[in-house]
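Here's the structure we're looking at; comments come further down.
All chains are named by letter (A, B, ...) in the order of the sequence lines, taking the proteins before the strands, and each is independently numbered beginning at 1. Hydrogens, waters and symmetry mates play no part in the numbers below; they use all other heavy atoms, side chains included.
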Amino acid sequence: MSTDGRHSTDNPFFGDNPQRAGRPVRVRIAPSPTGDPHVGTAYIALFNYVFARKHAGTFILRIEDTDQTRSTRASEDAILRALSWVGLQWDEGPDVGGPCAPYRQSERTEQYKQHAMALVERGAAYPCFATADELEAMRKEQIAAGKTPQYDRRYRSLPKDEAKARIERGDPYVIRLAMPLSGQTRFVDGLRGEIVIENATIDDQVLLKSDGFPTYHLANVVDDHMMGISHVIRAEEWIISTPKHIQLYQAFGWEPPQFLHMPLLRNPDKSKISKRKNPVSLDYYRDAGYFPEALLNFLALMGFAFGGDREKFTLREMIEVFDFAKVSPGEPVFDLQKLSWLNGLYLREMSDAELVERLRAWRLSDAYLLSLMKMLRERMERMDQFIPAASYFLTGDLDYSAPGLLDQLVPKGRDRSTTGQVLSQLCDHMEETIRGEWTHDAIEAACRSFCEKIGWKTKELFMPIRIAVTGRTASPGLFDTLSAVGKDLTRRRLRQAAQALLSMATPAAPSVQPASGTAAPAPGKAPPAPAGKAASAALAKPVAAPAAGRAENTEPKA
RNA sequence: GGCCCCAUAGUCUAGCGGUUAGGACGUCGGCCUCUCACGCCGAAAACGCGGGUUCAAGUCCCGCUGGGGUCACCA
């Protein structure tokens with residue numbers, strides 16, 4: 001027992017142990033291409049990368065696109081691009097190849113199917129013919145009866161020949177893991193020591209879906225084994241499923257890798273980091289003017305202590321001193337202000353020439369300026385009007401504290417709170433409906449369908465969007481503007497404006513993370529208040545609406 | 001709710017039985033300065049609670065509390 005603690009000298013993640021174990025270090029980052037490149041992916045990738053480099057190991061990128069309904073190639077491309085931007089170079093992956101190719105799970109489906117069937121042969125898994133509706137009804141019953149919803153294993157004891165007959169008849173089915181009904185599964189987590197979980201509390205997970213694709217649980221185990229993954233470093237949310245994975249390794253007769261679960265990045269309210277409460281897309285950080293090396297440095301600070309009070313360090317330096325013994329299992333809140341500060345340190349260290357280069361690579365490229373010219377030239381008479389006219393294309397977060405600005409944003413006959421919620425819902429709607437490129441037409445379609453959905457006139461909705469995204473009442477065509485501002489900055493501004501409106505409407509609502517970076521002053525307006533002051537300034541104003549029922553958070557519940 | 005994880009200031013953290021509990025962001029004050037920013041100096045601010053173990057507990061053990069995660073044919 002006492003040897004199982006995280007400080008055990010046997011910890012396979014500490015010191016030089018990985019090398020001594022004789023097994024070459026091979027780690028992976030396995031993103032699912034179902035959305036924007038997530039900051040959490042970069043976070044986990046960073047620790048995998050550093051660990052690999054520290055121990056002369058291999059860092060692998062594997063695409064987990066087993067969810068056919070949600071995975072897109074656009075998302076995969078975006079993730080690869082973002083991970084490259086951030087500077088984490090993988091040794092094997094779908095784009096660079098490697099000895100374990102292919103690195104895209106959708107191209108390995110035969111593997112999973114065969115392995116699932118092998119498990120059925122051995123009695124470690126079984127076919128289940130329950131329909132989705134049937135399971136839904138079961139869950140409802142269980143909840144009504146006050147029980148924890150869990151698959152009741154209704155097909156586990158179906159005679160084999162009967163199952164075979166039904167499969168041959170063409171009945172849709174899934175393959176489920178036959179979890180042991182008693183006993184416990186234990187494993188050592190690199191950060192926390194031994195974790196013991198009762199088998200009875202874990203249900204018979206689906207391994208192979210009825211569409212023939214594997215679930216994460218199967219695919220991940222098969223691939224990790226086939227790819228020789230020695231250490232699985234992943235997010236804390238996987239702890240509970242680890243016993244399922246261990247059971248799978250045992251059923252296959254394979255040696256499981258070592259596990260280590262990194263703490264989850266948090267919103268300011270301590271919940272798991274999410275796009276409603278914190279910018280989460282790596283593209284946001286890029287577009288808002290953060291340097292990739294600063295972001296990486298900051299991500300490293302989320303749990304890792306360099307030593308000697310050092311907070312600013314390069315990837316190279318981090319690798320030199322890295323040890324998981326210096327990583328704490330706490331639950332770090334992602335603090336945009338500190339990230340900004342750190343970024344400023346990097347910025348001030350750069351030469352003027354380099355900074356100019358960085359700006360060019362960012363938004364002052366010819367291509368981007370050219371795209372702005374199309375929109376802005378009709379509105380200009382002299383060149384000196386370009387910069388003021390283009391300001392909101394070249395900034396990150398805006399400042400909405402200009403007197404009366406937000407009230408102009410609220411359509412006649414609507415109130416602040418409703419408008420705030422509408423803007424926030426618009427973000428969700430955009431995320432749901434714009435799956436591909438962020439183009440004029442896609443944005444227009446999303447905005448118009450949203451109007452229909454909520455019963456607002458386009459006229460009512462478009463001005464609030466314009467003000468939220470540009471900070472002004474006048475701009476080039478709305479969809480061209482949003483398109484040029486970009487997906488992530490647009491959504492961020494919509495959420496920020498929504499937030500500002502809601503905090504004006506309900507004084508009791510806690511203010512969320514203040515905007516970071518610079519605010520874009522409207523030309524001719526007073527100097528911008530520090531972004532964080534916007535909310536409190538608003539609070540100071542007497543607001544007619546009483547704070548009925550303290551809002552726990554300012555997000556509308558779906 | 002069941003199960004699991006976590007717990008030093010508002011936030012990120014150092015601490016691995018004996019410290020005036022250290023650093024950083026943020027906040028506040030001052031210096032620098034034509035302003036702002038940077039920089040510098042300073043201040044306020046933390047061991048969640050209760051039991052043990054020990055000469056000695058932020059550090060070890062147990063309980064509680066609090067927070068989080070998870071309970072999908074998503075990952």
message = Check this for me: does the side-chain of Glu331(A) come within 3.5 Å of the base of G67(B) through a donor and an acceptor?
response = yes

query = In the strands shown, is C60(B) matched to any nucleotide by a Watson-Crick or G-U wobble pair with both distances under 3.5 Å, and which?
reply = G52(B)

request  = Assess Arg310(A) against Phe306(A): is NZ or CZ under 6.0 Å from the centre of the six-membered ring, and within 45 degrees of the ring's axis?
outcome  = yes

note = Taking U11(B), C38(B), C5(B) as options, the one with an atom nearest any side-chain atom of Ile239(A) is C5(B)

remark   = Side-chain contact check for Ile240(A): nearest option of C4(B), A24(B), A75(B) is C4(B)

query = Taking only side-chain nitrogens and oxygens of Thr66(A), does any of them come within less than 4.0 Å of OP1 or OP2 of A75(B)?
reply = yes

key: Euclidean distance for C1', A44(B) against G10(B) (whole angstrom)   = 13 Å

inquiry  = Please give the distance between the C1' atoms of U19(B) and A57(B) as a whole number of Å.
reply    = 13 Å

ask   = Using a cut-off of less than 4.0 Å, is there contact between a side-chain N or O of Lys244(A) and OP1 or OP2 of C3(B)?
value = no

request  = Would you tell me whether Arg492(A) and Gln496(A) have side-chain atoms, one donor and one acceptor, within less than 3.5 Å of each other?
outcome  = yes

ask   = Could you walk me through whether Phe14(A) and Phe324(A) pass the ring-ring contact (aromatic ring centres under 6.0 Å, His included) check?
value = CA-CA 6 Å; Phe14(A) 288 7; Phe324(A) 270 111; 7.7 Å; no

key: Separation between the C1' atoms of U70(B) and C49(B), rounded to whole Å   = 27 Å

Geometric cation-pi criterion Arg166(A) and Phe129(A), 6.0 Å radius, 45° cone = yes

message = When the P atoms of C38(B) and U20(B) are compared, how many Å lie between them, rounded to an integer?
response = 35 Å

ask   = Tell me: CG of Leu207(A) to P of C73(B), nearest whole Å?
value = 11 Å

Polar-atom pairs under 3.5 Å, protein N or O versus N or O of nucleotides 42-48 of chain B: list them with distances, or write none.
none

ask   = Taking only side-chain nitrogens and oxygens of Arg176(A), does any of them come within less than 4.0 Å of OP1 or OP2 of C73(B)?
value = yes

key: Gap in Å between the two C1' atoms, one belonging to U13(B) and one to G26(B), rounded   = 15 Å

key: Separation of the P atoms in G50(B) and G69(B), to the nearest angstrom   = 28 Å

message = What's the closest nucleotide to the side chain of Lys270(A) if the choices are G2(B), G67(B), A72(B)?
response = G67(B)

task = Sort out the partner of G42(B) for me: Watson-Crick or G-U wobble, both distances under 3.5 Å, none otherwise.
result = C28(B)

Separation between the P atoms of A14(B) and A24(B), rounded to whole Å = 15 Å

message = More than 12 heavy atoms of other residues, nucleotides or ligands under 6.0 Å from NZ of Lys326(A): yes or no?
response = yes

query = Using the C1' atom in both, what is the distance from C16(B) to G22(B), to the nearest Å?
reply = 15 Å

inquiry  = Would the base of C74(B) count as contacting Thr34(A) through its side chain, where contact means a donor and an acceptor less than 3.5 Å apart?
reply    = no

request  = Determine yes or no for a side-chain-to-main-chain donor-acceptor pair under 3.5 angstrom, with Asp189(A) supplying the side chain and Leu191(A) the backbone.
outcome  = yes

request  = Would you mind telling me which of Phe259(A), Tyr216(A), Phe252(A) makes a ring pair (Phe, Tyr, Trp, His ring centres under 6.0 Å) with His245(A)?
outcome  = Tyr216(A)

key: Axial cation check for Phe298(A) ring with Lys338(A), 6.0 Å and 45° limits   = no

request  = Indicate whether OP1 or OP2 belonging to G23(B) is found under 4.0 Å from a side-chain N or O atom of Arg310(A).
outcome  = no

Interatomic distance, Leu342(A) CG vs G23(B) P [rounded to whole Å] = 18 Å

ask   = Within the pair Arg348(A) and G39(B), is there a side-chain N or O less than 4.0 Å away from OP1 or OP2?
value = yes

task = Counting Watson-Crick and G-U wobble pairs only, both distances under 3.5 Å, name the nucleotide matched with G66(B), or none.
result = C6(B)

query = Atom CG of Leu260(A) and atom C1' of C6(B): how far apart are they, to the nearest Å?
reply = 14 Å

